[in-house]
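Comments concern the structure below.
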Protein chains: 2
Amino acid sequence: MEDKEEISSENYANWFALYHLCQNIGSRKAIHISSVEFGKILNLSQQTASRRINQLEDIGWIQRKITGKDQIIRITKKGADVMLAMYKDLKQILEEILIVGEVTEGMGEGGYYVRIKEYYDQFREKLGFKPYFGTLNIQLSDLNKELLEENLKNRIPFIIQGFEKEEEGYIKRKYGSVECYDCIVSRLDDQTKKINGAILKIKRTHHKKNIVEILAEPYLRDILKLKDGVRVRIELIKKS
Amino acid sequence: MEDKEEISSENYANWFALYHLCQNIGSRKAIHISSVEFGKILNLSQQTASRRINQLEDIGWIQRKITGKDQIIRITKKGADVMLAMYKDLKQILEEILIVGEVTEGMGEGGYYVRIKEYYDQFREKLGFKPYFGTLNIQLSDLNKELLEENLKNRIPFIIQGFEKEEEGYIKRKYGSVECYDCIVSRLDDQTKKINGAILKIKRTHHKKNIVEILAEPYLRDILKLKDGVRVRIELIKKS
DNA sequence: ATTACTAATATCCGAGTAG
DNA sequence: TCTACTCGGATATTAGTAA
């Protein structure tokens, strides 16, 4: 609460100054930096940069040692806390935004996949349950989609292998592989029921519509009483 | 690059305005908010808040619909990108800072633990190798320690169980449990050799000194040619 | 109620320059 | 060289209102 007050009051400039300092300190403990150099980083004059440094010191976000023409700056615990607080906050904001979407009527590809025996057997084995013969389609906003993609990057999917099969007429058809991420689905307005499922990520998918497909054992529309437009939460699970 | 220019130039205020908007939008798609309310959030007058909203719209970070006395605001993809960029950047900064410390002479507790048979057998089994009979002690800055703690929170340790043992004189002594986190250690100035190890987190530890103890199979001081003061990188591994 | 313009004012920035 | 002061000009904010 207090930290936030400190940041949000009106010293945006100081916050950004600290942020840029951290960027330039990198993995070192401290940094030698002149006010001219710091000014260049911040797109400010030497004078203002100098003032910034003084202010940061006054606030207690940095500590400074001036020896002759040299100044060594290091971030204090208080300063680190400020950065950490912002990081945590952003993380929370982004993750909170991330995990909400709207149920939508789907001619989802996923539903098609799950009905094919070669896929179904793999789903069954790798999910640990017999999935329902169709997927729940969730419409995401651009923001949500963006964030989901970013988040999935950090996770290890389990892969449903592709395969080839001879169709009637002796044409060989290729079936692509599918990436799956464990998740938990629930109604946003009623968090009592949480259902395990998986996000399906099909390789060659329509990029335009931000639709995510969920596979689960029960028929989600029934068990969660979902209709089109109902908002659901998709929680990503730590380990797959 | 361009994004950063956009943020860092001088519109700190706009960035923070967007940030606070996101905070208040939460999991919703959009938000009804008057300029008075928004002003309160930002600690600004209604007039300035109104101007901010206009600016955010001009920049293209938000989209707005005014219908009579109502205005509905939603974040655009461009706006979301700005937030994401900052998040990623902070994450990188913090993680980069996080993983560097200095080798220090240690009378580390960990070294004591690893020499006790009951512990050693567990280490051997759970690490998958026979650890060296001592730990490498890494001195962290306050900032690093803070960040490490924060980061470890999100990880699942493997636990070396505590036990009781009768000492000479029939006194029963209690040995506490130890948490371990897989990691990779390397010299900061020479990343060619990367050694697998584990961070030891002993329950009842001295809080004052920011020292982390690393357990590994080889004698790290030899294999990495470490002396006191040499900076090493500790990479945390995704899965334990 | 609202949003947002204009004019007054508070704040910030950088040139000049001292220490 | 450095940092950091003063002060005039630039910029941002707010009060008073209009729409």
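Keep in mind that the numbers below use all heavy atoms, side chains included, and drop hydrogens, waters and symmetry copies.
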Original post:
With respect to the phosphate group of D/dT14, does any side-chain polar atom (N or O) of B/T48 fall under 4.0 Å of OP1 or OP2?
Top reply: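 Answer is yes, contact under 4.0 Å.
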
Original post:
For D/dT3, does OP1 or OP2 lie under 4.0 Å from any side-chain N or O of A/S35?
Top reply: yes

Just to be sure I understand the rule, does [X] reach a base, reach only the sugar-phosphate, or reach nothing, if contact means heavy atoms closer than 4.0 Å?
X: A/S50; value: base
X: B/S34; value: sugar-phosphate
X: B/Q46; value: base
X: A/L44; value: sugar-phosphate

Once you round it to whole Å, what is the distance between [atom2] of [N] and [atom1] of [X]?
X: A/L42; N: C/dG14; atom1: CG; atom2: P; answer: 10 Å
X: A/R52; N: C/dC13; atom1: CZ; atom2: P; answer: 4 Å
X: B/F38; N: C/dT2; atom1: CZ; atom2: C1'; answer: 16 Å
X: A/I53; N: D/dC2; atom1: CD1; atom2: P; answer: 12 Å
X: B/Q47; N: C/dT9; atom1: CD; atom2: P; answer: 15 Å
X: A/K65; N: D/dT3; atom1: NZ; atom2: P; answer: 17 Å
X: B/N43; N: C/dT11; atom1: CG; atom2: P; answer: 14 Å
X: A/N54; N: D/dC2; atom1: CG; atom2: C1'; answer: 14 Å

Original post:
If we ignore angles and hydrogens, is there a donor and acceptor under 3.5 Å between the side chains of A/Q139 and A/T104?
Top reply: no

Original post:
Would B/T76 and B/Q63 count as having a side-chain donor-acceptor pair, cut-off 3.5 Å?
Top reply: no

Subject >> salt_bridge(B/D189, B/R233) N-O dist < 4.0 Å >> reply: no

**OP:** Quick one: pull up CD1 in B/I33 and CD1 in B/I53 and give me the separation to the nearest 0.5 Å.
**Re:** 7.0 Å

**OP:** Mind checking the CD1-CD spacing from B/I31 to B/Q71? Nearest 0.5 Å is all I need.
**Re:**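 CD of B/Q71 is found 10.0 Å from CD1 of B/I31.
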
Original post:
Does B/A49 or A/I66 map to a spot on DNA chain D nearer the 5' end, using the closest nucleotide for each?
Top reply: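 Nearer the 5' end of the strand: A/I66.
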
Original post:
When you match A/Q71 and A/R51 each to their closest nucleotide on DNA chain D, which lands nearer the 5' end?
Top reply: A/Q71

Subject >> D/dT17 - base-pair partner by Watson-Crick or wobble geometry, distances under 3.5 Å >> reply: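 Checking every strand shown, D/dT17 finds its partner in C/dA4, with both distances under 3.5 Å.
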
